[in-house]
Amino acid sequence: MSKTKIVLVGFLFWVPLLYSQTTIKGKVVVKEQTAEGIHVLNLVSEKATITNEKGEFTIEANEDDLLVFSAVHLHYWRKTISADDIKNGFIEVEMTVKEQKLEEVVVTEYTKINAQDLGIIDYKPKNILLRKEGYELPNN
């Protein structure tokens, strides 16, 4: 066999291995919050997943891929996959809670709203109340 054929066969054998994705398992940890439903996106391969109720996930990634972790109630986090991450096959990410402070809250009482007014149902609901001691039914 000629040297050209040997190089060609070697090239065809190793190229797919270089571009194959490695499955990495991981866990997202959030202090005093649930880690369920956090989006994990590999920006390089554009593959994505969501964490389970324990904050665990699996995603395909290569060395130097960038993973982005995001959720509405958390600060987003970026993690570049290293050779050690590939070797270990596991990563752990700690995310922090995003505080949202409200300047003012206004509570308004609406006593005459029902499911029909909100468009939930299209018929007039029955007014059913349980009688309790000392409670009078309203007159309709």
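- Minimum heavy-atom separation, A48 to L41: CB-CD1, 4.0 Å.
- With hydrogens and angles ignored, the 3.5 Å screen pairs no side-chain donor or acceptor of D85 with any backbone N or O of I81.
- R78 and L66 get closest at one heavy-atom pair: CB-CD1, 4.0 Å.
- Side chain of S70 to main chain of Y76: no donor-acceptor pair is present (N/O by atom type, distance under 3.5 Å, no hydrogens or angles).
- Classification of K47 and E60 as a salt-bridged pair holds, one side-chain N sitting under 4.0 Å from a carboxylate O.
- With hydrogens and angles disregarded, no donor-acceptor distance shorter than 3.5 Å links the side chain of T58 to the backbone of K25.
- Taking CH2 from W77 and OG1 from T96, the interatomic distance works out to 7.5 Å, rounded to the nearest 0.5 Å.
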Discussion item. Go through it in stages, so that I can follow the logic: the residues are K98 and H73, the test is side-chain contact (heavy atoms from CB on, under 4.5 Å), and I'd like the CA-CA distance, side-chain angles, deciding distance and then a yes or no.
Written reply: CA-CA 5 Å; K98 185 188 311 180; H73 64 291; 5.9 Å; no

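- For the pair N52 (side chain) and E56 (backbone), a donor-acceptor distance under 3.5 Å is present.
- With rounding to the nearest 0.5 Å, the separation of CG in L74 from CE in M95 is 4.5 Å.
- For E94, the CD atom counts as loosely surrounded, since its 6.0 Å shell holds 12 or fewer non-hydrogen atoms of other residues, nucleotides or ligands.
- The structure places CD1 of I50 at 4.5 Å from NE2 of H39, a figure rounded to the nearest 0.5 Å.
- Applying the 6.0 Å contact sphere to OH of Y123 captures no more than 12 heavy atoms from other residues, nucleotides or ligands.
- From L67, atom CG reaches atom OG1 of T80 across 8.0 Å, with rounding to the nearest 0.5 Å.
- Residue I38 holds its CD1 atom at 7.5 Å from OG1 of T34, rounded to the nearest 0.5 Å.
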Item to complete: Take Q116 and D122 through the test side-chain contact (heavy atoms from CB on, under 4.5 Å) and record every step on the way to the result.
Response: CA-CA 6 Å; Q116 184 182 18; D122 59 356; over 6 Å; no

Item to complete: Show the numbers, then the answer: is there a side-chain contact (heavy atoms from CB on, under 4.5 Å) between V106 and T108?
Response: CA-CA 6 Å; V106 177; T108 305; 3.9 Å; yes

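- I24 CD1 to I59 CD1: the interatomic distance, rounded to the nearest 0.5 Å, is 9.0 Å.
- Hydrophobic clustering of Ile, Leu, Val, Met, Phe, Trp and Tyr side chains at less than 4.5 Å, counting indirect connections, unites V97 with V28.
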